[in-house]
2 protein chains.
Amino acid sequence: MNDDRLDALLAALAHRGRRRMLDLLMAAPGMSVKALASHFEMSRIGVLKHVDLLEAAELVVSRRRGRTRHLYFNPVPIQLLRDRWTTHYSAFFAERVVDVKARVEGRAREAEEHKSA
Amino acid sequence: MNDDRLDALLAALAHRGRRRMLDLLMAAPGMSVKALASHFEMSRIGVLKHVDLLEAAELVVSRRRGRTRHLYFNPVPIQLLRDRWTTHYSAFFAERVVDVKARVEGRAREAEEHKSA
DNA sequence: CCGATTGGTAACTTCCTGGTTACCCATGAA
DNA sequence: TTCATGGGTAACCAGGAAGTTACCAATCGG
């Protein structure tokens, strides 16, 4: 997962409507574009563009049969992202911090002590 | 974590430079804005805007001491997001699918059988 | 073949994002 | 007090994202 794919993935997910599309496709795999669009206020073309964007981010896979394009949610990128973050932020995840304020002030104090030392 | 916060969080993360800022703050907690900006080509004000955006998404916490503003990475939103996804996509995560193509075609076949039934 | 259905492209508008420069405020040190 | 330093606001610009309407292409059923 390079930075370009990561950008595309996160940008794709940073949109309420698109996340809802994924949920719909999770619930009903193989929907057509038109069927999907029926759940939104937006025009069909608007939905189509979002679908294309999701497919570019590999969050959606589509297969045509005849004149209909069947859409499927693909969870793999999210799995990859989750795994990556779990390792990348492991030091912090281990802490399982709740009281942010206390920790931040603790670090500020440390820095202050370090400076004056 | 409501949809607004989720939008802000994902949008904040969907930018290479901002992710790098988080990494820098992870490595050196308490950096000033100026120190952070020194790692980028961009103007100081450009960096400042990104910092403000990160703080709005609660990925960064800042405390002023004197005239300097000290910045700290806050992992909590990422933890929350990870936990949420783990449950939300649990059905798919359990599968641990590798061969997407096979699965997709399997579903397509099911749909076809269902249709012709 | 003919018409309805599904999908897609093209062109356009609107608004937001990412970045800039210019300028101002507050603070710490000599 | 003076002035260099760190921080911040305002105004602006270019480009991309999100959405629209109008139109075209392919396919399936009668």
Side-chain angles (χ1 to χ4, degrees), chain A residues 3-4 6-22 24-25 28 30-57 59-72 108 111-112 115-116, chain B residues 3-22 24-25 28-57 59-72 108 111-112 115-116:
Chain A
D3 275 348
D4 285 317
L6 191 51
D7 280 349
L9 176 57
L10 288 167
L13 289 167
H15 189 284
R16 221 165 296 197
R18 285 194 290 261
R19 289 195 302 273
R20 202 168 119 235
M21 289 180 196
L22 295 182
L24 288 165
L25 290 177
M31 279 181 116
S32 70
V33 175
K34 187 157 215 201
L36 181 61
S38 73
H39 293 79
F40 294 83
E41 299 294 313
M42 184 178 6
S43 76
R44 183 181 59 88
I45 307 298
V47 173
L48 175 62
K49 287 208 197 175
H50 287 298
V51 167
D52 288 344
L53 199 150
L54 286 168
E55 189 161 30
L59 283 163
V60 159
V61 179
S62 72
R63 274 187 76 76
R64 306 189 76 117
R65 271 207 322 284
R67 65 183 162 189
T68 55
R69 176 180 168 189
H70 297 274
L71 305 172
Y72 302 89
E112 194 59 35
K115 197 174 74 177
S116 60
Chain B
D3 276 348
D4 285 317
R5 285 191 56 194
L6 191 53
D7 280 349
L9 176 58
L10 289 167
L13 289 167
H15 189 284
R16 221 165 297 200
R18 286 193 289 261
R19 289 195 301 274
R20 200 168 121 236
M21 289 180 195
L22 295 182
L24 287 165
L25 291 177
M31 279 181 115
S32 69
V33 175
K34 187 158 214 197
L36 182 62
S38 72
H39 293 81
F40 294 83
E41 299 293 314
M42 184 176 7
S43 75
R44 183 181 58 88
I45 306 298
V47 173
L48 176 62
K49 287 208 199 174
H50 287 298
V51 167
D52 289 343
L53 199 150
L54 286 168
E55 188 161 31
L59 284 163
V60 158
V61 179
S62 72
R63 275 185 74 75
R64 305 190 75 117
R65 269 206 325 281
R67 64 183 164 189
T68 54
R69 176 180 169 189
H70 297 273
L71 305 173
Y72 302 89
E112 193 59 34
K115 195 175 76 176
S116 59

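Labels below follow one simple rule: chain letters A, B, ... track the order of the sequence lines, proteins then strands, and each chain is numbered from 1. Here the structure is a predicted model, which means the values were calculated and not measured.
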Reading nucleotides 21-30 of chain D from 5' to 3' and marking B where a protein heavy atom lies under 4.0 Å of the base, S where only the sugar-phosphate is that close, and - otherwise, the string is B-----BS--
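Contact annotation: A:H50 does not reach the phosphate of D:dA17 (side-chain N/O to OP1 or OP2, under 4.0 Å).
Think of the region where chain A sits on DNA chain C: with heavy atoms and a 4.0 Å cut, that region ends 5' and 3' at C:dA4 to C:dA11.
Atoms CE (A:M21) and C1' (D:dG19) sit 12 Å apart, rounded to a whole Å.
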Side-chain donor-acceptor pairs under 3.5 Å in residues 34-43 of chain B, sequence neighbours left out?
| from | atom 1 | to | atom 2 | distance (Å) |
| --- | --- | --- | --- | --- |
| B:S38 | OG | B:A35 | O | 2.5 |
| B:H39 | ND1 | B:A35 | O | 3.1 |
| B:S43 | OG | B:G46 | N | 3.1 |

Throw together a table of side-chain donor-acceptor distances under 3.5 angstrom for residues 50-57 of chain A, partners on residues two or more places apart or in other chains.
| from | atom 1 | to | atom 2 | distance (Å) |
| --- | --- | --- | --- | --- |
| A:H50 | ND1 | A:R18 | NH1 | 3.0 |
| A:D52 | OD1 | A:R69 | NH1 | 3.4 |
| A:D52 | OD1 | A:R69 | NH2 | 3.2 |
| A:E55 | OE1 | A:S62 | OG | 3.4 |
| A:E55 | OE1 | A:R69 | NH2 | 2.6 |
| A:E55 | OE2 | A:S62 | N | 3.2 |
| A:E55 | OE2 | A:S62 | OG | 2.8 |

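Heavy atoms of B:L48 sit under 4.0 angstrom from at least one base atom.
Considering every non-hydrogen atom in both B:M31 and B:L25, the closest pair reads CB-CD2, 3.9 Å. A:R67 and A:R64 get closest at one heavy-atom pair: O-NH2, 3.8 Å.
Rounded to the nearest 0.5 Å, atoms CZ (B:R19) and CG (A:L10) are 6.0 Å apart. If you take CG on B:L13 and CG on A:L13, they are separated by 10.5 Å, rounding to the nearest 0.5 Å.
Proximity of residues 8-20 of chain B to DNA chain C (heavy atom under 4.0 angstrom from any strand atom) is restricted to B:H15, B:R18.
B:L59 is not listed as a side-chain neighbour of B:M21, based on a closest heavy-atom distance of 4.5 Å or more.
A donor-acceptor contact under 3.5 Å is formed by the side chain of A:K49 with the base of D:dG19.
Each end of the helix from C:dC1-D:dG30 to C:dA30-D:dT1 gets its own axis, taken as the rotation carrying the C1' atoms of four end pairs onto the next four within a five-pair window, and the two axes meet at 20° to the nearest 10 degrees.
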